[in-house]
Amino acid sequence: QVQLIESGGGLVQTGDSLRLSCAASGLRTFGPWAMGWFRQAPGKERAFVAAISWIGGNTYYADSAKGRFIISRDNAKNTVYLQMNSLKPEDTAVYYCAAKPGPVNVGAATYTYWGQGTQVTVSS
């Protein structure tokens with residue numbers, strides 16, 4: 001019933017930008033929902049990238065994302081975005097959006113709903 005659908009991934013070159021979107025549907029309440037982005041590279045565990053709270057739009061970033069990525073959301077649409085700038089080959093991964101009731105958290109295990117992921121590949 002609840003679906004999170006990511007979009008916006010693709011193949012880009014070092015230094016390029018991408019904007020990922022994640023639309024949630026089927027949520028039984030308007031909120032509050034915290035939303036976040038995680039990524040998983042081959043052979044690696046799923047890692048936190050960024051998260052944003054429902055109230056106040058407080059944002060949190062992994063060190064690897066600070067200064068380059070911007071997370072934002074549209075609560076009315078239950079949609080979260082990830083603007084990725086100055087992309088590097090090490091950003092190559094499948095990017096997943098996630099949602100959870102209540103307060104924001106950076107731990108993947110605390111998120112209730114997950115999308116299927118969108119591939120981001122950054123070439124040298």
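As a basis for the values below, the full set of heavy atoms in this structure was taken, side chains included, without hydrogen atoms, waters or symmetry mates. These figures come from a predicted structure and were not determined experimentally.
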side-chain contact (heavy atoms from CB on, under 4.5 Å) between V49 and Y61: does it pass, once the steps are laid out? CA-CA 6 Å; V49 177; Y61 296 95; over 6 Å; no
Checking L20 against T118 for the side-chain contact (heavy atoms from CB on, under 4.5 Å) test, could you report, in this order, the C-alpha distance in whole Å, the side-chain angles of both residues, the deciding distance, and whether it holds? CA-CA 8 Å; L20 306 183; T118 185; 4.1 Å; yes
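Checked by atom type and distance alone, the side chain of S21 never pairs as donor or acceptor with a backbone atom of S7 at under 3.5 Å. Side-chain atoms of E6 come within 3.5 Å of backbone N or O of G117 as a donor-acceptor pair. The backbone N or O of K88 lies less than 3.5 Å from no partner atom in the side chain of T14, so there is not a single donor-acceptor pair. With hydrogens and angles ignored, the 3.5 Å screen pairs no side-chain donor or acceptor of Y95 with any backbone N or O of L82.
Heavy-atom contacts from other residues, nucleotides or ligands closer than 6.0 Å to CD of E45 number 12 or fewer.
Considering every non-hydrogen atom in both L18 and G8, the closest pair reads CD2-O, 3.6 Å. For the pair A93 and A41, the tightest heavy-atom approach, listed with the atom from each and the gap, is CB-N, 3.8 Å. Considering every non-hydrogen atom in both K44 and Q40, the closest pair reads O-NE2, 3.0 Å. Counting all heavy atoms, side chain and backbone alike, S72 lies closest to I52 at CA-CD1, 3.9 Å.
W37 and Y81 sit in two unconnected hydrophobic clusters of ILVMFWY residues. Membership requires side-chain heavy atoms under 4.5 Å apart, directly or through other members. Both I55 and W33 belong to a single network of hydrophobic side chains, linked directly or stepwise wherever heavy atoms of I, L, V, M, F, W or Y lie under 4.5 Å apart.
You'll find the side chain of D16 stays beyond 4.5 Å of the side chain of V122, heavy atoms only. Using a 4.5 Å cut-off on side-chain heavy atoms (C-beta onward), M84 and S17 make no contact. The shortest distance between side-chain heavy atoms of I70 and T59 does not fall below 4.5 Å. With contacts defined as side-chain heavy-atom distances shorter than 4.5 Å, the pair S25/N78 does not qualify. By the 4.5 Å heavy-atom criterion applied to side chains, I5 and Q116 are not counted as neighbours.
Between S53 atom OG and M35 atom CE the span is 12.5 Å, to the nearest 0.5 Å.
With no hydrogens or angles considered, a side-chain donor-acceptor pair links R39 and S64 at under 3.5 Å. One side chain, Q119 or T121, offers a donor N or O that lies under 3.5 Å from an acceptor on the other.
Applying the under-4.5 Å side-chain rule to Ile, Leu, Val, Met, Phe, Trp and Tyr, the cluster around V94 extends to F38, F48, Y60, Y96, V104, V106, Y111, W114.
Screening residues 67-81 for salt bridge (Lys or Arg N to Asp or Glu O under 4.0 Å) gives R68-D91 as the qualifying pairs, with residues at least two apart or on separate chains.
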